[in-house]
Amino acid sequence: MIFAINEINRNPDMLPGVKLGYKIYDNCGTMDILRAALALLSGLKGEISGSSCSEIESVQAVLGHSGSGPTIAIEQVLARFHIPVISHFATCACLSNRNEYPTFFRTIPSDYYQSRALAKLVMYFGWTWIGAIASDNEYGLSGITAFIQAARELGVCIEYSELFVSTDPPDSLQRIVRIIRQSSSKVIMAFMSHREITLLATELFRQNVSDLQWVGSDAWITDPSLAESEGHSILVGSLGFVVTNTVIPGLEDHLRQLHPSQFPNSQFVRDFWEHTFDCSLNKTADTQWKLCSGSESLQGDQSYFTDVSELRFISNVYKAVYAVAHALNNLLTCKEGDDPSYNGNCPDTKNIEPWQVLQYLNTVNFTHKEGERVYFDSNGDSPARYDLVNLQTTRKGGMEGVTVGIYDASLPDTNQFIMNNIPIVWGNELNKVPESVCSKSCLPGTSKVLQRGRPICCYDCMPCPAGEISNLTSKDTD
Ligand SMILES: *[C@@H]1O[C@H](CO)[C@@H](O)[C@H](O)[C@H]1NC(C)=O
Ligand SMILES: *[C@@H]1O[C@H](CO)[C@@H](O)[C@H](O)[C@H]1NC(C)=O
Ligand SMILES: *[C@@H]1O[C@H](CO)[C@@H](O)[C@H](O)[C@H]1NC(C)=O
């Protein structure tokens with residue numbers, strides 16, 4: 001976020017004569033984020049890093065939070081003051097409700113699109129008979145419900161649908177493993193967090209249940225911690241979607257220049273520094289740690305922090321900052337008669353109000369790095385474009401997500417998947433697309449007869465009566 005703001009402040013073509021300032025709050029993993037929201041409103045202390053923003057004290061927009069729960073809480077407060085809230089990571093479909101969240105925007109697609117994309121993925125590979133398992137929480141429940149609805153609309157049948165959460169008693173996990181063993185579908189849609197999928201994969205591995213094809217939700221499909229779990233081999237071949245990756249030139253240099261002296265009041269930066277270099281910054285404490293020498297630097301560091309090869313969510317922060325900058329820029333350069341939402345009247349640029357920034361955010365439309373367009377629909381949602389990733393074994397025996405294609409919901413129905421010809425590794429350990437159907441297609445000369453009391457994907461193939469023919473596969477009886 002700081003990198004994007006600095007970049008905008010250096011750019012002579014954006015916001016001429018105006019500098020963007022910021023305050024950043026760290027909620028330290030607690031839910032006490034409302035205090036920060038109120039502090040932003042009233043200008044209280046508590047931020048982890050400041051800027052020399054002296055002239056305008058009112059906040060024009062709030063970026064964050066990453067989680068849907070805290071975002072809902074913040075939005076409910078800030079919406080009353082017409083302050084825009086833009087999240088880079090809150091995916092709950094519930095946040096698209098404009099009546100409840102009138103000032104909310106996001107640069108990540110809503111789970112609504114992910115669930116639909118997953119249903120289309122299942123259909124794309126011809127899997128019409130599948131199992132569904134979800135974490136028993138808001139994320140899993142709303143995700144799997146939307147998935148099942150979308151899948152049914154496309155003609156996919158669900159053999160079973162189960163919920164479980166890591167805090168459940170052990171027999172709950174055993175029950176799910178039993179269901180998987182006894183079922184005939186070979187594809188499982190898992191709308192879960194990494195905790196639940198790790199438990200499930202480990203148990204299936206212990207009981208030697210393999211040759212399943214997993215379809216995963218974004219919360220686990222690219223979680224690097226999965227590769228370390230005992231049962232990760234069970235998940236090789238999994239397919240799922242993640243937000244598209246981007247390159248942000250200059251970001252790596254920016255990150256490598258970080259030094260605690262830039263943020264003397266930030267406990268977060270101190271902790272990070274002490275942890276990275278295994279030394280103490282506190283000269284007065286009697287600690288067993290050696291003191292930091294002062295010559296520590298991130299220039300040669302190879303860590304998660306300086307790795308810019310996976311900028312998926314970070315690039316959404318970048319887009320969010322630019323969305324606000326473009327909105328402000330359009331507002332400040334407004335010419336009379338320009339903007340229909342103002343009945344031809346431009347706002348008073350000396351006294352910008354958050355509700356005016358809100359109006360301009362509705363109409364931003366700009367090109368992000370690498371030609372990706374950024375705009376919001378009438379619900380504040382951004383266009384749904386995902387990378388299709390496939391979990392493959394690495395040479396070192398680990399597991400990594402390989403991008404095998406993209407999915408773009410803004411394209412016509414038949415062209416939404418664009419494969420990049422990188423071979424997909426399948427969960428059945430064979431070189432061909434796994435099959436997961438309740439009944440195989442009926443051959444010419446026979447026709448489908450539905451099985452009483454079973455889903456429409458399950459049928460018998462009956463020979464045609466004498467004197468009638470069916471030269472098609474899967475002919476329905478009529
Ligand atoms: C340094 O350590 C002392 C003694 O443990 C403690 O009182 C002080 O708060 C610490 N300062 C910082 C900046 O962590
Ligand atoms: C954004 O701008 C591009 C290029 O000017 C245009 O083709 C596109 O339709 C616009 N999108 C929206 C949602 O306004
Ligand atoms: C099946 O038969 C019909 C009627 O004779 C014909 O029009 C159609 O092309 C045939 N389809 C196939 C797949 O052979």
Side-chain angles (χ1 to χ4, degrees), residues 4 7-8 11-16 20 60-61 63 75 82 84-99 101-117 120 241 243-249 312-313 315-347 352 354-387 406-418:
E7 197 176 78
I8 291 160
N11 182 345
D13 299 330
M14 275 197 98
L15 296 170
L20 289 180
Q60 306 293 356
L63 305 195
E75 163 67 11
H82 312 289
V85 173
I86 309 166
S87 172
H88 58 286
F89 206 1
T91 56
C92 185
C94 57
L95 281 160
S96 297
N97 185 335
R98 252 306 177 240
N99 292 329
Y101 311 111
T103 70
F104 178 71
F105 299 84
R106 56 181 144 193
T107 50
I108 188 164
S110 149
D111 279 340
Y112 169 82
Y113 292 105
Q114 193 195 171
S115 298
R116 293 187 69 79
K120 286 182 176 172
F241 295 108
V243 297
T244 46
N245 203 357
T246 13
V247 178
I248 304 179
R312 299 177 191 279
F313 302 112
S315 113
N316 288 343
V317 177
Y318 189 81
K319 286 184 208 168
V321 174
Y322 267 87
V324 176
H326 277 277
L328 283 169
N329 194 59
N330 294 348
L331 189 158
L332 292 172
T333 55
C334 170
K335 291 181 202 67
E336 293 302 322
D338 245 12
D339 195 326
S341 63
Y342 286 93
N343 310 318
N345 297 326
C346 284
I352 302 168
W355 65 265
Q356 295 168 320
V357 180
L358 178 70
Q359 297 244 6
Y360 274 85
L361 272 168
N362 283 319
T363 56
V364 288
N365 179 3
F366 59 96
T367 308
H368 177 50
K369 298 268 141 76
E370 300 193 333
E372 203 183 329
R373 292 212 76 82
V374 179
Y375 56 84
F376 302 106
D377 70 11
S378 57
N379 294 326
D381 277 316
S382 48
R385 203 181 136 92
Y386 296 101
D387 279 351
I406 62 164
Y407 169 82
D408 188 337
S410 66
L411 296 175
D413 250 353
T414 49
N415 305 327
Q416 292 177 329
F417 285 99
I418 304 168

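Start at 1 and go down the list; that is how both ligands and their atoms are numbered. Both backbone and side-chain heavy atoms feed into the values below; hydrogens, waters and symmetry mates do not. All residue numbers in this chain count up from 1 along the given sequence.
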Flag: protein heavy atom within less than 4.0 Å of atom 7 (O) of ligand 2
no

Do any N or O atoms from the side chain of D111 and from the backbone of Q114 form a donor-acceptor pair under 3.5 angstrom?
no

May I ask you to identify the nearest protein heavy atom to atom 14 (O) of ligand 2, giving residue, atom name and distance to one decimal place in Å?
N365 ND2, 3.3 Å

Hey, is atom 2 (O) of ligand 2 touched by any protein heavy atom at less than 4.0 Å?
yes

For Y318 together with H368, are the ring centres under 6.0 Å from each other?
yes

Which residue and atom name correspond to the protein heavy atom nearest atom 5 (O) of ligand 2, and how close is it?
R373 NH2, 4.4 Å

May I ask you to check if R98 and F105 form a cation-pi contact, with NZ or CZ under 6.0 angstrom from the six-membered ring centre and within 45° of the axis?
yes

Interfacing atoms of ligand 2 (cut-off 4.0 Å, heavy-atom, Y375)
13 (C)

Going by the angle between their ring planes, with limits at 30° and 60°, are H326 and F366 parallel, tilted or perpendicular?
parallel

Indicate whether the side chain of D381 and that of S96 have a donor and an acceptor atom separated by less than 3.5 Å.
yes

